[in-house]
Asks: 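Handing you a structure now.
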2 protein chains.
Amino acid sequence: MTDQPGPTLSDQDLLRLDGQICFSLNAAGRAFGSLYRILLKDLGLTYPQYLVMLVLWQHGELPVKDIGHHLRLDSGTLSPLLKRLEAAGLIRRERSTEDERSVHARLTEAGDALRSQAACVPRRIATATGYDLAEIRDLQARLDRLTAALDAAAADL
Amino acid sequence: MTDQPGPTLSDQDLLRLDGQICFSLNAAGRAFGSLYRILLKDLGLTYPQYLVMLVLWQHGELPVKDIGHHLRLDSGTLSPLLKRLEAAGLIRRERSTEDERSVHARLTEAGDALRSQAACVPRRIATATGYDLAEIRDLQARLDRLTAALDAAAADL
DNA sequence: CACAATTAAGTTGTGCACAACTCAATGCCT
DNA sequence: AGGCATTGAGTTGTGCACAACTTAATTGTG
């Protein structure tokens, strides 16, 4: 029989311990945000805008829907964000001719040119983590598993 | 000699790979957010508000500054949030008599009563992760190390 | 074909995060 | 004591995330 600390934690204990993972997750996310904010300042991009640009640099022209799919964002977030990117002259938005519901985002020359300016960012971020590639991938895998589990749990409430 | 993918990744490769950790981190954070949103709906709390309540349930009366220290939030975020908690009748805010700059947040009876209602939340979250306690702690440690590294990197820009 | 259901964007409203700022209270220092 | 920097909250403005809703185009079905 086991008389270790015990597998049974009281709700009070959990209430005290709770927040820990999400605290850590939150803190890490914000730390990333701060760093990106600094590194992206010269490019005139916010971190979410940078993520959208990353998607466009990889995939070229894309409908809003697909961008949202890649980033797990809905039109309520993307519509104003894309408007700002368009106002900044980095992308153009055009209604698809074949399906008039769909709007496609496409890089302008300036948007494409920004790519080379952004090229140094990932390396600086990677260096800042202090992790090597294997560790990063491992951490990522754990986080993705976590996300999947949470999504599944949320699905059947 | 090694002719594997190689330790030297081009900036373009990194640009493609980039976002991965922060993507995963972001996704996990949002997945947590969704789940908490559902579980906290009955309590009438948002997730950040719940975090503040957690701190108050643990520490009792606290100055705004200390709450911010626990949660890594500044007054710009906390002031309106605490106002909403006060409007909801869960806390009271009172200027300290000994230092009139400082404002202390204190649980009302309703705020304290909410604690028992919230007691079931952490367990449900923990279950939803699909991780056991050891894995959670391990992940947490990695995330905290990551945060520290990123903070340090941001400090010397 | 007509009409209901679905889909894609966009809009509105709320709340959070953060930078930059104001203001008052306190501490410090000669 | 006088004067100045520091500290703690709060305010303002921008941008993101998300829920709930609207609008218009498309699809599916009887």
Asks: Quick one: is A:R37 getting a side-chain N or O under 4.0 Å of the C:dA19 phosphate, OP1 or OP2?
Replies: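 Yes, A:R37 has a side-chain N/O under 4.0 Å of OP1/OP2 on C:dA19.
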Asks: Output yes when at least one side-chain N/O atom of A:K65 is less than 4.0 Å from OP1 or OP2 of D:dA25, else no.
Replies: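 No.
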Asks: Counting heavy atoms from C-beta on, name the nucleotide in C:dA25, C:dG10, D:dT26 closest to the side chain of A:E100.
Replies: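 Shortest atom-to-atom distance from the side chain points to D:dT26.
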Asks: Is the closest basic N to carboxylate O distance between B:D99 and B:K65 below 4.0 Å?
Replies: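 Between B:K65 and B:D99 there is no salt bridge, as every charged N stays at least 4.0 Å from the carboxylate O atoms.
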Asks: From the options B:V103, B:I67, B:L85, select the one residue that forms a side chain to side chain contact (heavy atoms under 4.5 Å, CB included) with B:L78.
Replies: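 Passing option: B:I67.
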Asks: Determine whether more than 12 heavy atoms belonging to other residues, nucleotides or ligands lie under 6.0 Å from atom CZ of A:R137.
Replies: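 Count not over threshold, so no.
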Asks: Report which part of the nucleic acid B:T46 touches: base, sugar-phosphate, or nothing (heavy-atom distance under 4.0 Å, all strands).
Replies: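 Sugar-phosphate contact only.
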Asks: On DNA chain C, check which nucleotide each of B:R101 and A:H104 is closest to and give me the residue with the more 5' one.
Replies: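 The residue closer to the strand's 5' end, by nearest nucleotide, is A:H104.
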Asks: Hey, which of these two, A:P80 or A:E98, hits DNA chain D nearer its 5' end, going by closest nucleotide?
Replies: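 Per heavy-atom nearest nucleotide, the more 5' residue is A:P80.
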Asks: For the backbone of B:W57 and the side chain of B:R115, can you confirm whether one donor and one acceptor N or O come within less than 3.5 Å of each other?
Replies: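 Confirmed, B:R115 side chain pairs with B:W57 backbone.
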Asks: Mind checking whether A:Y36 and A:Y47 have parallel, tilted or perpendicular rings, split at 30° and 60°?
Replies: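 Ring orientation, 0 to 90° scale: parallel.
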Asks: To the nearest Å, how far apart are B:Y47 OH and D:dC18 C1'?
Replies: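 Value for this atom pair: 16 Å.
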Asks: Send over the distance from A:I38 CD1 to C:dC18 P, rounded to a whole Å.
Replies: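 So the CD1-P distance, A:I38 to C:dC18, works out to 12 Å.
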Asks: Over how many whole Å does the gap from B:F23 atom CZ to D:dA17 atom P extend?
Replies: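 Whole-Å distance recorded here is 11 Å.
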Asks: Please report, rounded to the nearest Å, how far the P atom of D:dG15 is from the CG atom of A:L40.
Replies: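 Roughly 15 Å, once rounded to whole Å.
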Asks: Please report, rounded to the nearest Å, how far the C1' atom of D:dT11 is from the CG atom of B:L82.
Replies: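 Answer to the nearest Å: 15 Å.
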Asks: Starting at atom CG of A:D99, determine the distance to atom C1' of C:dT6, rounded to an integer number of angstrom.
Replies: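 In whole Å, C:dT6 C1' lies 12 Å from A:D99 CG.
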Asks: Just checking A:R93: does its CZ atom have more than 12 heavy atoms from other residues, nucleotides or ligands closer to it than 6.0 angstrom?
Replies: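 Yes, CZ of A:R93 has more than 12 neighbouring heavy atoms, counting only those of other groups under 6.0 Å.
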Asks: So what does A:L73 touch, heavy atoms closer than 4.0 Å: a base, only the sugar-phosphate, or nothing?
Replies: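 Sugar-phosphate: the residue A:L73, judged by heavy atoms under 4.0 Å, touches backbone atoms but no base.
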Asks: Looking at C:dA9, C:dA25, D:dC18, which one has an atom nearest to any side-chain atom of A:V64?
Replies: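 Ranking C:dA9, C:dA25, D:dC18 by closest atom to the A:V64 side chain puts C:dA9 first.
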Asks: Between D:dA9 and B:S102, is there an OP1 or OP2 to side-chain N/O distance shorter than 4.0 Å?
Replies: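 Yes, because at least one side-chain N or O of B:S102 sits under 4.0 Å from OP1 or OP2 of D:dA9.
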Asks: Provide, to the nearest angstrom, the distance between the CZ atom belonging to B:R93 and the P atom belonging to D:dG8.
Replies: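 The answer, rounded to whole Å, is 17 Å.
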Asks: Looking only at the side chain of A:V103 (C-beta and beyond, no hydrogens), which of the listed nucleotides C:dT26, D:dT26, C:dG10 gets closest?
Replies: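 So the nucleotide nearest the side chain must be C:dG10.
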Asks: Establish, with yes or no, whether the OP1 or OP2 oxygen of D:dG10 is under 4.0 angstrom from a side-chain nitrogen or oxygen of B:S79.
Replies: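 Affirmative; the distance criterion is met.
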Asks: May I ask you to verify if any side-chain N or O of B:R95 is less than 4.0 angstrom from the OP1 or OP2 atom of D:dA9?
Replies: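 No, no such contact exists.
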Asks: From C-beta outward on A:K83, which listed nucleotide comes closest to its side chain: C:dT11, D:dC18, C:dT6?
Replies: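 The answer is C:dT11, which lies nearest to the side chain.
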Asks: Please classify the nucleic acid contact of B:L78 as base, sugar-phosphate, or nothing, using heavy-atom distances under 4.0 Å.
Replies: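 No contact.
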Asks: Go through D:dG8, C:dG15, C:dC18 for me and flag the one nearest to the B:D74 side chain.
Replies: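 Selected nucleotide (nearest to the side chain): C:dC18.
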Asks: Report the distance from atom CD1 of B:I91 to atom P of D:dA9, rounded to the nearest whole Å.
Replies: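 Taking CD1 of B:I91 and P of D:dA9, I get 12 Å after rounding.
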Asks: Could you check whether A:P63 gets within reach of a base, just the sugar-phosphate, or nothing at all, counting any heavy atom under 4.0 Å?
Replies: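 Since only primed, P, OP1 and OP2 atoms lie under 4.0 Å of A:P63, the category is sugar-phosphate.
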Asks: Heavy atoms only, 4.0 Å cut-off, all strands: where does A:K41 land among base, sugar-phosphate and nothing?
Replies: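 Nothing: the residue A:K41, judged by heavy atoms under 4.0 Å, touches no strand.
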